Amino acid sequence: MKKHFDQLWREAGGTGPAPGICSRDIRNRVDAALGRETGGRRNSMKHNVRVFAVAAVVTALLAGSALAASNWNVLSAYFRGDTAPASPLLDETVRRVEDDNYILTVESSASDGNLALLLLRVEAKNQETADFLRSDEFNNMDTWSFRLLRAEPETTETGGDAAPNVFSFGIGEVKERRTETSQTWKLSAEIDGTGDGVQARVRLGWMEEGLSITVPLSYVQPVTVAIGAEGPGMGSLKDIDGGPVEVEQVILSPFYMETAYRCLDKSDDAEVPLFFLFQDGSLLTRSQLVEIGISGNHDGWGNHTQSFRLRSVLDLDALEAVVFNNMAYPLDGGADYAYPVDERLQAFQIPLMPSLGEGLGWSLSAQALCEGLGASYTWDEDTQAATMVFRDVEIVLTAGSTTALVDGQPMELDAAPILQDGQLVCVYTPFEAWQIDMCTAYERYVPGSENNERVAWLICP
C-alpha cells in the first residue's frame, strides 16, 4: 500500500516518498465517501461509482498533502514575490458545501476592500458529473455567481438593501491543479466593500438551488494620493502617441490601484505614466507594479477612471511617493518635490515584424527591444543564440528552436525565432518575464473607419 501511495504521489507531481497518511483516516474517509458506516454497512451503489469515489478520496488526500507542503493559497495564486505584508488579510479557513453531484470548497480568501480574491475547488462525486466538469458545457455565464452582503444588513432610505457593489468579477481555472475528479479556480472581484462587516457569497450554478458559501472579507483603508498636475500621457493600444493628461488622483491598496485623470486634447486613449518610489530608494514603473487592467470608464469628455490588479502585494508602509512627470507626490500628504526619472523607463516604439505563424500576430526584433530598454544583448554566431539580460532576468533565444531559456528554465514558444536581415525575429511571450507592457498599437483607431491599421510595437517598461 505504501508503495502504491508513493507512485500516486509522484504522478501528482510530488518528490520523494508520499507524505505520511494514517490508514485508519483513509479507511474512514473512504467509508464516508461510499456512504458506508464504520461497521461495514453500505448503501447499494454501482461498482464503478464506488471505485471512482475511492480514487477521488485518495487523490484529494494526496493533493491536500501537496498543498500543505507548498503552503499554496489565494495570495500565492494571484501575486508574485513576498505576500507576507498581506497575511492579515488572508483567511485560510476551509469552507465547503455539497449536494449529490459536487463538493464546492473555498480553500482560502483575501480582500483589501477594493478587491476580493477567492480560491475555489470543485470536486465531482460521480463519473457522470466528472465527465461534465471536464466538458466545455460546464462553463457558461450562469456557472458562477458572486455577490456581496453585510453581516448586519443596512437599508436605504427607500427600504432597499444597502449591500456593497460588485463592479466586476472574473474567474479562471488553475489548470496545473486539475485532477480526474476536480478543478481549482481563482476568482477576482472588484468591489465597493467600504468598511468592515462585508461578506462575499459565491455559488456554483450546477449545484442544488440555495447552496452557497459565505466568507468574511477584510478591509484596509486605501491611500489616496492627490496629484492635480498636467503632464505628457503615454500611448495606448488605440493611440500610439497618446497626448497630454491632467492627473487628479491615485488610489492605492495592497492589491489594487485606481487612477483618475483627464485627456487634454483630441486623444481619449492616453495612459498615465506613473512611477512608484519606495523608502529604500527603489523605483518601480507602472508596468512592474500592475498585473492587469480590471475596468475603465470615460465620459466622452476626456475624463477617465482606470482600475488595476497589482502584480505583487503592495506594502503601503514601504511606499514613499507616486511619481508623475518627474515630480514625487508623497503618500503622507507632504509637499511634492522634483524626482527626475531615467528616460529609458519611458514608453518607446519599435517596428512591427512579420508574423511567424498563422494566428500568431506580429513578431519583433529582439535586438531592437533590448536597445530601447537598455538591456544587454549578446549574439553567438556559433550557436545562433542571443543572450539578453534585463532587470536581472536572463533570456536566451536560439534561431530555429521553439525552446527559450528564462533564467535557465525552459519555456516553449509558439514559433521558433528566425534570422531576418541580420535581426533575430521572435514572438513576444518570453519577454513577459521582464514585466514590461507590449502591444501592437494603432496610429489612431477610429471606429468604423477602413483606414485603421497597427503601425508599431508600443513598449512600456
Side-chain angles (χ1 to χ4, degrees), residues 167-168 170 190 225 227 229-252 256-276 284-311 322-327 341-353 361-365 368-369 372-373 427-429 431-432 434-461:
F167 298 120
S168 64
E190 185 183 10
V225 182
I227 305 291
E230 297 180 12
M234 65 184 184
S236 68
L237 170 68
K238 294 184 178 182
D239 188 338
I240 196 166
D241 292 321
V245 296
E246 179 181 11
V247 183
E248 178 186 349
Q249 64 181 22
V250 177
I251 298 174
L252 294 164
Y256 174 92
M257 180 180 78
E258 179 184 295
T259 59
Y261 66 99
R262 184 165 64 92
C263 295
L264 298 180
D265 68 3
K266 63 181 180 66
S267 172
D268 282 337
D269 292 294
E271 302 277 353
V272 180
L274 296 175
F275 301 86
F276 303 87
L284 292 184
T285 67
R286 194 183 82 160
S287 297
Q288 287 177 285
L289 188 77
V290 167
E291 176 70 25
I292 189 171
I294 301 171
S295 64
N297 297 291
H298 65 90
D299 61 4
W301 297 92
N303 297 303
H304 289 251
T305 301
Q306 291 183 324
S307 59
F308 307 86
R309 189 180 76 237
L310 307 184
R311 291 184 186 270
V322 175
V323 179
F324 171 65
N325 195 25
N326 295 319
M327 295 294 295
V341 174
D342 190 331
E343 284 295 319
R344 290 180 299 180
L345 296 179
Q346 305 292 348
F348 61 94
Q349 301 171 23
I350 60 174
L352 300 175
M353 304 296 282
W362 301 94
S363 62
L364 57 88
S365 163
L369 175 64
L373 293 171
V427 295
Y428 74 94
T429 48
F431 302 109
E432 291 176 342
W434 286 348
Q435 297 185 8
I436 57 180
D437 283 342
M438 307 170 62
C439 68
T440 55
Y442 297 91
E443 182 174 16
R444 177 157 176 79
Y445 180 82
V446 180
S449 172
E450 296 181 357
N451 298 322
N452 290 316
E453 63 177 341
R454 300 177 192 258
V455 295
W457 281 96
L458 176 64
I459 311 297
C460 303

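Values in this document were obtained by computation on a predicted structure and should not be read as measured data.
Within a 6.0 Å sphere centred on CD of E291, heavy atoms belonging to other residues, nucleotides or ligands number more than 12.
Take D342 and apply the side-chain hydrogen bond (donor to acceptor under 3.5 Å, both in side chains) test, not counting sequence neighbours, and it matches R344. Residues forming a side chain to side chain contact (heavy atoms under 4.5 Å, CB included) with C439 (at least two apart in sequence, or on another chain): L237, A441, L458. Every residue two or more places apart in sequence or in another chain that forms a side-chain hydrogen bond (donor to acceptor under 3.5 Å, both in side chains) with N303 is listed here: D299. In this view, R309 satisfies the side-chain hydrogen bond (donor to acceptor under 3.5 Å, both in side chains) rule with no residue, not counting sequence neighbours. For the side chain to side chain contact (heavy atoms under 4.5 Å, CB included) test, residues two or more places apart in sequence or in another chain that qualify with M327 are Y329, D336, A338. Residues passing the ring-ring contact (aromatic ring centres under 6.0 Å, His included) test with F308, sequence neighbours excluded: none. In this structure, the salt bridge (charged side-chain N to carboxylate O under 4.0 Å, His left out) partners of R262, at least two apart in sequence or on a different chain, are E246. The ring-ring contact (aromatic ring centres under 6.0 Å, His included) search around F348 returns none, not counting sequence neighbours. For D241, the side-chain hydrogen bond (donor to acceptor under 3.5 Å, both in side chains) test picks out Q349, with sequence neighbours left out. In terms of the ring-ring contact (aromatic ring centres under 6.0 Å, His included) criterion, residue partners of Y261 (sequence neighbours excluded) are, by chain and number, H304. Under the side chain to side chain contact (heavy atoms under 4.5 Å, CB included) criterion, Q249 pairs with T224, I251, A260, not counting sequence neighbours. For the ring-ring contact (aromatic ring centres under 6.0 Å, His included) test, residues two or more places apart in sequence or in another chain that qualify with W434 are F390, F431.
The distance from atom CD1 of I436 to atom CG of L345, rounded to the nearest 0.5 Å, is 12.0 Å. For the atom pair CE of M257 and CZ of R286, the computed distance is 6.0 Å after rounding to the nearest 0.5 Å. Between Q288 atom CD and D437 atom CG the span is 10.5 Å, to the nearest 0.5 Å. With rounding to the nearest 0.5 Å, the separation of CD in E453 from CZ in R444 is 15.5 Å. One finds the CG atom of L252 at 10.0 Å from the CD atom of E258 (value rounded to the nearest 0.5 Å). Taken to the nearest 0.5 Å, the OH atom of Y442 stands 12.5 Å off from the CG atom of N451.
Of all heavy-atom pairs between P244 and D265, the closest is CD-OD2, 3.3 Å. In this structure, Y428 and M438 approach most closely via the heavy-atom pair CB-CE, 3.9 Å. The minimum heavy-atom distance between F324 and P273, with the atom names listed, is CD1-O, 3.9 Å. Nearest approach of S307 to S295, heavy atoms of both residues: OG-OG, 2.7 Å. A pairwise comparison of heavy atoms in S365 and A368 identifies OG-N, 3.1 Å as the closest pair. Contact detail for N325 and G231: the closest heavy-atom pair is ND2-CA, 3.7 Å.
Between T259 and V247 there is no side-chain heavy-atom pair separated by less than 4.5 Å. Side-chain atoms of S168 and I294, non-hydrogen and from C-beta on, do get closer than 4.5 Å to each other. Side-chain contact between L274 and F276 is present, with at least one heavy-atom pair separated by less than 4.5 Å. Using a 4.5 Å heavy-atom cutoff, the side chains of I459 and L373 are in contact.
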Report the C-alpha distance between V455 and L352 in whole Å, list the side-chain angles of each, state the deciding distance to 0.1 Å, and finish with yes or no for side-chain contact (heavy atoms from CB on, under 4.5 Å). CA-CA 7 Å; V455 295; L352 300 175; 5.8 Å; no

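The closest side-chain donor-acceptor pair between S236 and D269, if any, does not fall under 3.5 angstrom.
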